[in-house]
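Sequence lines set the chain letters: A, B, ... in the order given, protein chains first and strands last, and positions in each chain run from 1. Note: hydrogens, waters and symmetry copies are ignored here, and every other heavy atom, side chains too, is used. All of these numbers come straight from a predicted model, not from anything done at the bench.
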2 protein chains.
Amino acid sequence: MALDVRKKQVLDAIVDDYVSTYEPVGSKALIERHNFSVSSATLRNEMAELERLGLIEKPHTSAGRIPSDRGYREYVNSLMSYDNLTDDERSDIEERISGSVDDITDLIKTATDTLSERTGFVSLYMSPRLHKSFLKQLKMLMIEPGKALVVIVLSAGVVKDKVVRIPNFLTGEQIMHISDSVEQNLTGKPLDEITLVTVATSMKGADIPEAMMNQIVYEAYTAIKQADSLNIYLEGENKMLQLPDFGELSKARNLLDSLSNDGMVAGYVNELHPMDEPNEDSFMIRIGQEITLDGLQDCSFITTTYKIGDDISGNIGVIGPKRMEYSKVISQIDFVRKTLNNKIKRLTE
Amino acid sequence: MALDVRKKQVLDAIVDDYVSTYEPVGSKALIERHNFSVSSATLRNEMAELERLGLIEKPHTSAGRIPSDRGYREYVNSLMSYDNLTDDERSDIEERISGSVDDITDLIKTATDTLSERTGFVSLYMSPRLHKSFLKQLKMLMIEPGKALVVIVLSAGVVKDKVVRIPNFLTGEQIMHISDSVEQNLTGKPLDEITLVTVATSMKGADIPEAMMNQIVYEAYTAIKQADSLNIYLEGENKMLQLPDFGELSKARNLLDSLSNDGMVAGYVNELHPMDEPNEDSFMIRIGQEITLDGLQDCSFITTTYKIGDDISGNIGVIGPKRMEYSKVISQIDFVRKTLNNKIKRLTE
DNA sequence: TATTAGCACTCTATCAGTCCGAGTGCTAAC
DNA sequence: GTTAGCACTCGGACTGATAGAGTGCTAATA
């Protein structure tokens, strides 16, 4: 799509105006607000051309133009200029995130909340993907007869645990044995290389009757695997009701219903960030119709990646109306991500 | 408020009709739908009287009547007949809750989700109040230099844990010592009797240099206290947008904004259920203006109590529009509570 | 050839006016 | 105490007229 300079300026101006006013922009309004050195008639010709190219559209015959999804895409890809945060904004974000407690999950959550508050949109994080992280410790604690707590420590100091059922007559002593044996054999292994078989063989050392082995193997295995399950956290859904974009009740309903389906959203965000991500510092941007999730076609997704150590990463980002100030939102996410990464680094060193 | 029989019938009919139609009920409609053996004129007189008593009101001069908050209250207190669930409903609830996993929190969450799904309203649970539960075990696990995991096992098998910072040069050995010492001295104590002082004295046994004691005492103490912090979980906020009661965008906004403030809602529900609750099987019902939480004056709260063992309890309930079928909702909550209590009992035995 | 002024046309949003129906309170009769 | 009847009120739905913003097209211009 090779647009000449003036067409680019016009599209840029239309997006800017429409984003800030939520009113279709006409040729006259365009002349008034931007200093084009041509007349409105010329702009009308340009706009007709842009419409033929599929970059802008009319809600109805006698209205101004609004950007189409492809228009936003063009804008984001090649027209938009990046924003710099003000010092105030920076220090605000830094304070909020640094003032947070020591727990990594709390930290990520705080970063996400900050994002929603600062943009006025929905923000989200995906729990860290641990499949590449490796096992540093595994302990089993007897809680009461028939119940034990499996504690798993992963690289970068991530801790997970799960209460599991065990055969009733196992003693604390025996549990310790098993746990030591498993730990010795599995420490250093990445999570995605741990299978039911490796867990089973790792227990060979502890001399526990074969009969009760199966249950423990299974429970230990699920405890480990559960650590790697994918969770999503969404914040600020209600803020979307303030936006004119969702001022019609049916649109608002649609939006909130779609967002309430955590699993679907998580799956979608997960798809956006493939496992072997080539460029981790980049943003994934999906606009309007590009989004293959039902009911979110008036939205845009902007997500990026945070890191815990070298092996572990997760995603953080924003879901807003597609009519948003992309440059502002992206720079907010960028700075929050950086601040978060730094704080995590300090925490895990 | 001593109402004669017919006034009661009229109020009852008005509430029933209004709840099911969301239309103000007039004297004629009342005659048509219920077989009163008097004329509409007589009913008009009765209605005028009920209005004088503050039990019903008119949206405007030429409209029918709708129940006032006091009208709903009167209805709930003395008119409403209790509903019995159908066998289908019972088995549906039982299946959903019994199909859930073994973790108590998951179980309560499932029960809450069920409640929202079955009523179409917002449901909630408050995390168990643990202040009366007593300490059964306390273990500290070294995770890496400077970091330990405190695992706390409470009565009824409730497990809590927290990662804490410890002095860098403490060895795993020393941590074990401290943990054993604390455990020995505090086991059997109710959480609300554990203070900074008792924690400190409990560590006297482990011979750790005085200097680093303070930090550990503090961290152990906060770990214990955090176990008792009050959390709330809300489910189904978006469902409220389907209701005509919140069909105006401003009302919907108001509602969701209020509900998004978890802390406020938690505080309110907590107030409703005083610590030394006299009758644990009862329902707390708050209707419309009775609710002292901003922005929820078109709602009703109905909450009750679930139990984990003898010492631990929490709350579960529903927030819906005040125009709701109270008897149905109450019986749903009642049955969910019973099912939940049973399942918890089986789980903790 | 690109630009522009001008003009006829289109469509929406808004506002006032009208009418209908449901419901009320009151009065007088039963 | 109950009821029929009636005048009155008010919101909601419909209508038609109007203003305003914007367009596309044409013909003139640089």
- Query: Does B:Lys28 offer a backbone N or O that forms a donor-acceptor pair with the side chain of B:Ser40 under 3.5 Å?
  - Reply: no
- Residues within residues 21-36 of chain B bordering DNA chain C, heavy-atom distance below 4.0 Å: B:Gly26, B:Ser27
- Message: Suppose we screen for side chain to side chain donor-acceptor pair (under 3.5 Å). Which residues come up paired with A:Thr61, at least two apart in sequence or across chains?
- Response: none
- Item | side chain to side chain donor-acceptor pair (under 3.5 Å) against B:Thr21, all qualifying residues, sequence neighbours excluded |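 With sequence neighbours excluded, B:Thr21 shows a side chain to side chain donor-acceptor pair (under 3.5 Å) to no residue whatsoever.
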Could you tell me how far apart [X] ([atom1]) and [N] ([atom2]) are, to the nearest whole angstrom?
X: A:Glu46; N: C:dA2; atom1: CD; atom2: P; answer: 11 Å
X: A:Met47; N: D:dG22; atom1: CE; atom2: P; answer: 9 Å
X: A:Leu43; N: C:dA2; atom1: CG; atom2: C1'; answer: 14 Å
X: A:Glu49; N: C:dA2; atom1: CD; atom2: P; answer: 12 Å
X: A:Arg6; N: C:dT1; atom1: CZ; atom2: P; answer: 16 Å

- Query: What residue pairs, at least two apart or across chains, pass ring-ring contact (aromatic ring centres under 6.0 Å, His included) with a residue in residues 19-65 of chain B?
  - Reply: B:Tyr18-B:Tyr22
- Message: Does anything in residues 289-298 of chain A form a side chain to side chain donor-acceptor pair (under 3.5 Å)? List the pairs, not counting sequence neighbours.
- Response: A:Arg73-A:Glu290
- Could I get the full list of side chain to side chain contact (heavy atoms under 4.5 Å, CB included) partners for B:Ser78, not counting sequence neighbours?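 Partners of B:Ser78 by the side chain to side chain contact (heavy atoms under 4.5 Å, CB included) criterion, ordered by chain and then number, come out as B:Glu74.
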Could you go through nucleotides 11-16 of chain C and list every protein N or O atom that sits under 3.5 Å from one of its N or O atoms, giving the distance for each pair?
unit_1	atom_1	unit_2	atom_2	d
C:dC11	O4'	A:Ser62	OG	3.4
C:dC11	O2	A:Ser62	OG	2.8

Heteroatom pairs (N/O) under 3.5 angstrom, protein to nucleotides 25-30 of chain C:
unit_1	atom_1	unit_2	atom_2	d
C:dG25	OP1	B:Lys58	NZ	3.3
C:dG25	OP1	B:Arg65	NH2	2.9
C:dG25	N7	B:Arg44	NE	3.3
C:dG25	O6	B:Arg44	NH2	3.4

Side chains of residues 318-325 of chain A: which donor-acceptor pairs under 3.5 Å do they make with residues two or more places apart or in other chains?
unit_1	atom_1	unit_2	atom_2	d
A:Lys322	NZ	A:Asp69	OD1	2.7
A:Arg323	NE	A:Asp245	OD1	3.3
A:Arg323	NE	A:Asp245	OD2	2.9
A:Arg323	NH1	A:Val19	O	2.5
A:Arg323	NH2	A:Asp245	OD1	2.7

Identify, with sequence neighbours excluded, every residue that meets salt bridge (Lys or Arg N to Asp or Glu O under 4.0 Å) alongside [X].
X: A:Arg33; result: A:Asp17
X: A:Glu117; result: A:Arg96
X: A:Lys239; result: none

- Item | For B:Val122 against B:Gly236, the heavy-atom pair lying closest together | CG2-O, 3.8 Å
